[in-house]
Enquirer: 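Take this structure, written in structure tokens, and hold onto it; I'll ask about it next.
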Amino acid sequence: MSGLSEFSLIKQYFEKYTVARDDVLLGIGDDCAIVQNKTDQQIAISVDTLVEGIHFSPDADPESLGHKSLAVSLSDLAAMGATPAWFTLALTLPAVDLRWLAAFAKGLANLATQHKIALIGGDTTRGPLSITVQVHGFVDAKQALRRDGAKEGDNIYVSGTLGDAGAGLKLKQSQLNNISGTDTDLMFLQQRLDKPTPRVELGQQLLDIAHSAIDISDGLVADLNHILEKSNLGAQINLEALPISNELLSITGREQAEILALYSGDDYELCFTVRPEKENQLLKNIKENYTKIGMITGGDKTIFTKSGQKIELTGAGYEHFSTEG
Ligand SMILES: [Mg+2]
């Protein structure tokens with residue numbers, strides 16, 4: 001089979017998974033896709049590339065990889081409070097492996113269907129395995145949750161639990177010592193690493209409530225730092241408040257879990273800041289799990305406390321090691 005026909009085959013492969021949307025006037029198959037804008041809304045756009053050997057290992061399960069490729073970009077839309085609409089996919093493949101493609105497309109399509117996001121175009125080339133997904137979402141004019149919106153006195157919250165995906169990665173790389181826990185605990189952590197849940201609905205619900213938000217891809221400290229830098233502020237984090245899953249707790253114990261929660265990435269939970277007066281609105285409107293972990297302060301430092309005592313941590317600079325590989 002010639003290279004060209006192989007790759008037109010791939011195109012056909014993904015075409016059948018496209019979610020139907022009224023605002024897609026022309027989807028896959030022409031030089032460009034044509035979509036219908038909404039006049040009262042703005043468009044949030046984000047792109048992410050996953051490269052074999054850097055972001056995932058060569059033996060990665062293709063269905064999980066399909067899920068994760070879209071999930072990490074949906075997580076960026078979530079962090080802005082945007083509603084997913086369309087995405088494009090650029091796939092570089094060393095060879096055409098139909099079983100791999102079927103599983104990859106299934107993982108991608110299941111998540112796309114769940115969030116009603118339509119695949120409207122893409123490109124395939126031959127080369128080392130790499131996956132690029134660009135997402136587009138709608139957000140009400142000037143309502144997006146930005147990193148520069150935090151205010152002194154805001155409470156800081158995170159969704160879900162932290163450190164699970166980081167522990168899953170370290171387990172895979174045999175970098176966790178003195179671990180206990182059951183096989184079910186281990187599988188939970190692996191699942192959190194391989195199939196992250198983008199907090200899309202939570203992001204939308206936070207639109208009128210939060211001052212700022214970010215998704216946790218590089219680790220809580222690193223990502224919160226982006227909010228602090230953009231907002232010119234500091235933070236105080238209570239270590240005993242960090243939400244840790246029972247599974248992680250039973251595997252590593254509390255102290256190691258706290259370090260993972262602070263410095264390891266890939267959880268794709270949201271970190272957001274809310275003014276104390278809006279706490280009732282938060283309680284009333286948000287059904288998903290979230291935890292108050294500290295507050296935004298003046299200055300430019302992040303201070304960690306435990307049982308009211310200041311704690312020095314030596315995890316800084318860890319963000320460069322947070323990606324897989
Ligand atoms: Mg992000």
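When a ligand or atom number is given, it counts from 1 through the structure's own listing order. Throughout, numbering of the chain's residues begins at 1 and tracks the sequence. A quick note: this is a predicted structure, and the numbers were derived from the prediction, not measured. Basis for what follows: all heavy atoms, side chains included, without hydrogens, waters or symmetry-related copies.
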Enquirer: Can you run down the salt bridge (charged side-chain N to carboxylate O under 4.0 Å, His left out) pairs that involve residues 280-299, sequence neighbours left out, and say none if there aren't any?
Expert: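 Counting only pairs at least two positions apart or across chains, the salt bridge (charged side-chain N to carboxylate O under 4.0 Å, His left out) contacts touching residues 280-299 are Arg199-Glu288, Glu279-Lys292.
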
Enquirer: Considering only residues two or more places apart or on different chains, which pairs with a residue in residues 228-244 satisfy salt bridge (charged side-chain N to carboxylate O under 4.0 Å, His left out)?
Expert: none

Enquirer: Evaluate the side-chain proximity of Leu260 to Thr252: yes if any heavy-atom separation is below 4.5 Å, no if none is.
Expert: yes

Enquirer: Closer than 2.8 Å to the Mg ion (ligand 1), which protein N, O or S atoms?
Expert: Asp76 OD1, Asp215 OD1

Enquirer: Between Leu270 and Ile214, is any pair of side-chain heavy atoms under 4.5 Å apart?
Expert: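 Result no, sub-4.5 Å side-chain heavy-atom pair not found.
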
Enquirer: Can you list everything that forms a side chain to side chain contact (heavy atoms under 4.5 Å, CB included) with Ala71? Sequence neighbours excluded, please.
Expert: His67, Leu111, Pro196, Pro198

Enquirer: Cationic tip of Lys38 within the cone over Phe138's six-membered ring, i.e. under 6.0 Å and within 45° of the normal?
Expert: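 Lys38 over Phe138 ring: yes.
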
